[in-house]
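Written below as structure tokens is the structure these notes are about.
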Amino acid sequence: MRQIALTATPAFHALRTHYAEAKDWQMRELFAADPARFSRFSIEAAGLLFDYSKNKITDATMRLLVALARERGVEQRRNAMFAGEKINATEHRAVLHTALRAPATGTLVVDGQNVSQEVHAVLQRMRAFSDRVRSGQWLGSTDKPITDIVNIGIGGSDLGPEMACRALRPYVHPRLRMHFVSNADGHDLDAVLHRVNADTVLFVVASKTFTTRETMMNAQSARSWFLRGKKEADLPKHFVAISTNTAAVREFGIDTDNMFPFWDWVGGRYSIWSAIGLPVALATGFDRFSEFLAGAYAMDRHFLDAPLEKNMPVIMALIGVWNRNFFGSTSRSIAPYHQDMNRLATYLQQLEMESNGKRVAIDGTPLDVATCPIIWGNVGTNGQHAYFQLLHQGSDITPVDFIASLEPDHDFPGHHAVLLANCFAQAEAFMKGKTADEVRTEMRAQNTPQAEIEALLPHRTFPGNRPSNMIVMDALTPATLGALIALYEHKVFVQGVLWGINSFDQWGVEFGKVLAKSIESELIGVPDPQAHDSSTNALIARARDALRG
Ligand code: F6P
């Protein structure tokens, strides 16, 4: 069924007219004119404060944006997702990561299966297993407790658990070291295997499909490494699997008693809440993992219950569309001011770009609006000393999501005040900039000669008026992390609905999975010098020589 293009909706037209006026607004002036701007443009829910006041918006802008959300049917689509309707139309699948964090009391039937019951049955198995590993009851082949857990997976089967295990570092069991191997590059596995001992290692092979080339190759190589000093009979104590594909797990040689299942209605990049989160439960304990799920559930409730005008994921999505489709921003930078969130930007890259990196609408028609911006970033304050120059004075305007936690989890005096001061100061500077008059006054106070002042003026002036969001939590805990990730998931969902795309398929990546196959066979088998362009043919020839060694 054809759907109306975003640009054809009355709300979009109204926003275009509004933009003609909004494009010249100065945020400095908007703040000066309204002392209540922060309270007007901030929302608190699920342990998070979302301050979106440093964007070029007024009440009128927000009314028009919310009207757009209503016109695009955000509420209906949201309800359809939560109800288990097959909204992933190109793969004929439901999208039910929200069911993974809902309490056991609910009932949700999809294709005749009580999803809720199945979810909680697996969670109970995860609890039992993680308790045994953490308490030291689960013993390796020489009766020693596990000390190192190696997750082998890629994409959604790697990024979520790694990001969360890092973010929750203070909660990790002191005996357990967590490792993550994802790359087809053997150096990744090699580096980890040098740090672990076959007597005390537990490999978690994580793959929704259990066919992904990188993961299968790493798992096979890990298995061969293990069997150098061990017997086949030792494998069950050191290898477990997480997958939707029982047959492939069995074929690989992992006992299906040691397999934690999930379901095709869980997208790879939304799978951290499923058995894919097992490394998080192993590292931090099942109770902490439950708190992580509960934090996400709190955000789900907010997303379902709050009116659109005060709905954090909806407002965040609308602000994103305002910046992307009207102000023309092409990327968004993620700036968590917390070292333990140093994998968040990478995690969000997959969540956002694999979901909304699309060029046709759900009905197949080409879109006439830009979709997902490029997502990138790093922790503050490190980013400040790398690329913030461009954010302040570069020719592109890049909106930033600042993320801060008020309470540190260390007791080094002074650090946290410096960290937060930097975070808030950068956001303020992006908004306010520094005018030529302010620069003159500052330089005169330093007795700089007038000629020097005038020469340096253009370089030391900051345009400001650059948008950012600020997300603040009291502390980075399993619950606030869960809420934060769910916030981004729902933001991505709402933007997908606004743009009219399917956020839940990834045909481009599936294409990538087959691309290398023919070249791989030429590198190790018979080359075909006519098969490719001259550049690719020459590169293959070079690599063949090197591989033959
Ligand atoms: O990168 C493509 C993708 O399909 C992701 O969506 C997924 O998270 C990743 O591959 C890994 O897939 P699997 O869990 O099946 O190994």
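We count ligands from 1, going down the list as the structure has it; atoms in each ligand are counted the same way.
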For residues 72-96, which residue pairs qualify under ring-ring contact (aromatic ring centres under 6.0 Å, His included), counting only residues two or more places apart or in two chains?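 Sorted pair list: Phe82-His490.
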List the residues meeting side-chain hydrogen bond (donor to acceptor under 3.5 Å, both in side chains) with Asp264, not counting sequence neighbours, and say none if there are none.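 By the side-chain hydrogen bond (donor to acceptor under 3.5 Å, both in side chains) rule, Asp264 matches no residue at all.
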By side-chain hydrogen bond (donor to acceptor under 3.5 Å, both in side chains) - contacts of Gln137 (at least two apart):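 In terms of side-chain hydrogen bond (donor to acceptor under 3.5 Å, both in side chains), with neighbours along the sequence ignored, Gln137 is linked to Ser135.
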If the criterion is any heavy atom closer than 4.0 Å to an atom of ligand 1, which residues make the list?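 Ligand 1 is contacted, at a heavy-atom distance under 4.0 Å, by Ile154, Gly155, Gly156, Ser157, Ser207, Lys208, Thr209, Thr212, Gly268, Gln350, Glu354, Val509, Glu510, Lys513.
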In terms of side-chain geometry, is the basic nitrogen of Lys517 or Glu520 positioned less than 4.0 Å from the acidic oxygen of its partner?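 Salt bridge absent between Lys517 and Glu520.
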Quick check on salt bridge (charged side-chain N to carboxylate O under 4.0 Å, His left out): which of Arg195, Arg177, Arg175 does Asp148 satisfy it with?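 By the salt bridge (charged side-chain N to carboxylate O under 4.0 Å, His left out) criterion, Asp148 pairs with just one of Arg195, Arg177, Arg175: Arg177.
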Kindly compute the distance separating CD1 (Ile375) from CG (Asp401), expressed to the nearest 0.5 Å.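 With rounding to 0.5 Å, CD1 (Ile375) is 7.5 Å from CG (Asp401).
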